[in-house]
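All values reported here derive from a predicted model rather than from experimental measurement.
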Amino acid sequence: MATTLYSATISGVAPHANIIAYAACCATSSLAAAIEDVVIDGVDVVNYSIGSNGPSSLWNEFDTVGFLNARAAGIFVAVSAGNAGPGDATVGSPADAPWLLSVGSATHDRAFRSALVSLAGGGPIGDLVGRAFADSYGPAPIVHASSAGDALCLNPFPSGTWVNGEIVACDRGINERVAKGANVLAGGAGGFVLANTADQGESVNADPHVLPAVHLGVTASDELRAWLNPVASTAPGDGSIQTARIQTSIEVDPSNGDIMAGTSSRGGNRAAPDILVPSVVAPGVDIMAAHGTNDAVEYKVISGTSMASPHTAGAAALLTALHPSWTPAKIQSALMLTANTAVLDDDGSTPATPFDMGSGRIDLATSARTGLLMDETEANYLAADPSLGGAPRSLNLASLADASCCNCSWTRTFEAVEPASYDVLSFGLPVAAAPSSFTLAAGQTQTVVFTASTGSLPSPGWSFGLVEVSETTGTLPTLRLPVAVQPPAAISTVSTITIEASDPTGIETLPGLTSARDVTNLTAEVHGLAKGTVAIEYLTQDPTNGDPYDNLDDGTTFVVPLVVPAGGRRLVAEIIASTAPDMDLYVGSGTAPSAATQLCASTTP
């Protein structure tokens, strides 16, 4: 047996739902027609595992606008976030639309483990653990396909390439994962190793292979390649016979779940940077489901966000049946507010960020018990179009994001499902809530203004946090809103600001001066005017008024000596009043007035 035997009872998320499948993919005209038919048929929930890697023109494209019309008609839509991860800003169209629930992919508690064990014939090396839905095999000789001239196993190898049932390792890339195994099987291989490169990282899949197999992440793959050829890790060939055994098992353990798929597309949102994507994540790795065509009964194990969004659509169908009065926006808020945030990134150890997991992994049992909901209208979605002067960030969504946050704020409105009191706290980022506590009767609403302080954050660069809305008795689930903020990209540094005050007291406003950072070291120096000295003098007319310095003692001039204190900023000298039609004023330095020491003069009548 190439693929292992596995017996289990499986069902859909909503086993009593009636399913309509629209054969539409993937011409634009047929997809647009299918979206229109969805509205005409009056379905409750749509799953849309279709999209592109590019960002949307949200208010102009056929599917984003079509699904906005569907939401206005009371239809909930879940859409796959895409499989272009793990890089940032890889969520594409139409998953970047705020009226759709975009779904990323994570693991669940069942794992199809596969490992290379008992490696011998080379240097010391431990077990290399990965995944595959396949049978065990070996021990057998192990080689890299590069020794046969095709490291990527792009084409079927000639029969007899391997004659001892070798385990053949192929580098991942270009062609399909399972096709590589079929290509080495054609050449006589008895086992198969799919070895990731840096491009795929640690993302592995439990594919059902045509022969015993193991899929390894890049770390284990690099170790294997180096072990197969310690001189040049790109190809074996040192003459030694190396052996290994493939060992598989099926393991069900909660620790296997809530780990991001490396391929799951990540935020931020290129179409609307102030809208957080993905919205949530759901199981999308190694999903076993019906895969038959033409009435054939077949099952397959598949991975991707196209497996995750149907889980969420099924969850929305159950919530619709349980709470038929909830609008699609309310169902979306219920799934987001109650999501489990204990999700790890694809390395299995680093906590996932809102760009990875959105609000977190959906938790249907908790969503059904939410104490608060959030709603939004078609009119507000349309008014948020930036080309019409709108702001997507103003939409009443269960997340808070701002791509250029200078002490930014968001207004959100909550509706109570049942009577309760709530407290609002923030974690990871300083986010203030006004009010920070409130009490509602069933059906009442409360508007809360959230304000984030970004003064201590690096710029540019995104920072993440969480707002918790906790019911005070602990009876209802704690609700959470993810926060993602980035200070403005360009922040000018101002060390000194000079204010020319016109009055000794009051407020001076400097127009256009804002700060994206908290002012933590403010030193103010106040420079006022000292009380002036007033002198009254009687002068005679100077017969030689072209030279004020020719005779300082004849009664035609007078000198007022002044000492300017160290650090003085300004000296004011003026003639307050005079009965003569022409009086001249000179200011100089030193102790002997002269043209050489003169600094300035006022000689205009």
To the nearest 0.5 Å, what is the distance between [atom1] on [X] and [atom2] on [Y]?
X	Y	atom1	atom2	answer
Ser367	Gln332	OG	CD	12.0 Å
Leu373	Trp326	CG	CH2	4.5 Å
Ser105	Ile259	OG	CD1	12.0 Å
Ile302	Met288	CD1	CE	11.0 Å
Leu101	Arg71	CG	CZ	8.0 Å
Thr413	Leu372	OG1	CG	11.5 Å

Give a yes or no answer on whether the side chain of [X] reaches the backbone of [Y] with a donor-acceptor pair at less than 3.5 Å.
X	Y	result
Thr248	Ala134	yes
Arg369	Thr475	yes
Ser453	Asn407	no

Can you name the closest pair of heavy atoms from [X] and [Y] and give their distance?
X	Y	value
Ala315	Ile362	CB-CD1, 4.1 Å
Gly74	Pro328	C-CG, 3.4 Å
Thr370	Thr338	CB-CG2, 3.9 Å
Thr341	Met357	O-CE, 3.6 Å
Ala81	Pro278	CB-CB, 4.1 Å
Tyr22	Ala34	CB-CB, 4.1 Å

Look at the aromatic rings of Phe438 and Phe414 and report parallel, tilted or perpendicular, splitting at 30° and 60°.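 Ring orientation of Phe438 relative to Phe414: parallel.
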Do you see a donor-acceptor pair shorter than 3.5 Å between the side chains of [X] and [Y]?
X	Y	answer
Thr305	Ser264	no
Asn205	Ser303	yes
Asp286	His108	no
Asp96	Ser56	yes
Ser409	Thr451	no
Asp423	Ser470	no

Tell me, with the steps shown, if Glu415 and Lys330 meet side chain to side chain contact (heavy atoms under 4.5 Å, CB included). CA-CA 9 Å; Glu415 178 184 329; Lys330 289 182 178 180; 3.2 Å; yes
Could you tell me whether the side chain of [Y] reaches within less than 4.5 Å of the side chain of [X], counting heavy atoms only?
X	Y	value
Glu376	Leu397	no
Asn256	Arg113	yes
Leu440	Tyr422	no
Glu61	Pro94	no
His215	Asn196	yes
Leu31	Asp63	no
Ser399	Leu481	no
Leu457	Leu429	yes

Stepwise, does the side chain to side chain contact (heavy atoms under 4.5 Å, CB included) test hold for Asp347 with Glu202? CA-CA 7 Å; Asp347 62 4; Glu202 301 298 338; 5.6 Å; no
For Asp44 and Thr320, run side-chain hydrogen bond (donor to acceptor under 3.5 Å, both in side chains): C-alpha distance rounded to whole Å, both residues' side-chain angles, the deciding distance at 0.1 Å, then the answer. CA-CA 8 Å; Asp44 296 302; Thr320 299; 6.0 Å; no
Tell me whether Arg266 is salt-bridged to Asp88, with the criterion being a basic N under 4.0 Å from an acidic carboxylate O.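 A salt bridge is absent here (no side-chain N lies under 4.0 Å from a carboxylate O).
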Please determine whether a side-chain nitrogen of the Lys or Arg among Asp402 and Arg393 lies less than 4.0 Å from a carboxylate oxygen of the Asp or Glu.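 A salt bridge links Asp402 with Arg393.
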Does Asp41, at its CG atom, have more than 12 non-hydrogen atoms belonging to other residues, nucleotides or ligands within less than 6.0 Å?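 Correct, the count exceeds 12.
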Looking at Ile19, I'd like to know if its CD1 atom is crowded, meaning that more than 12 non-hydrogen atoms belonging to other residues, nucleotides or ligands lie closer than 6.0 Å.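 No.
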Take Ser359 and Leu337, measure what side chain to side chain contact (heavy atoms under 4.5 Å, CB included) needs, and give me the verdict at the end. CA-CA 7 Å; Ser359 293; Leu337 289 169; over 6 Å; no
With respect to Phe67, which candidate in Trp99, Phe76, Tyr48 satisfies the ring pair (Phe, Tyr, Trp, His ring centres under 6.0 Å) definition?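 When ring pair (Phe, Tyr, Trp, His ring centres under 6.0 Å) is applied between Phe67 and each of Trp99, Phe76, Tyr48, only Tyr48 qualifies.
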Please determine whether side-chain hydrogen bond (donor to acceptor under 3.5 Å, both in side chains) holds for the pair Ser309 and Ser49, giving the CA-CA distance in whole Å, both sets of side-chain angles, and the decisive distance to 0.1 Å. CA-CA 7 Å; Ser309 58; Ser49 291; 3.2 Å; yes
Full working for side chain to side chain contact (heavy atoms under 4.5 Å, CB included) between Cys408 and Val485: CA-CA 9 Å; Cys408 51; Val485 296; 4.2 Å; yes
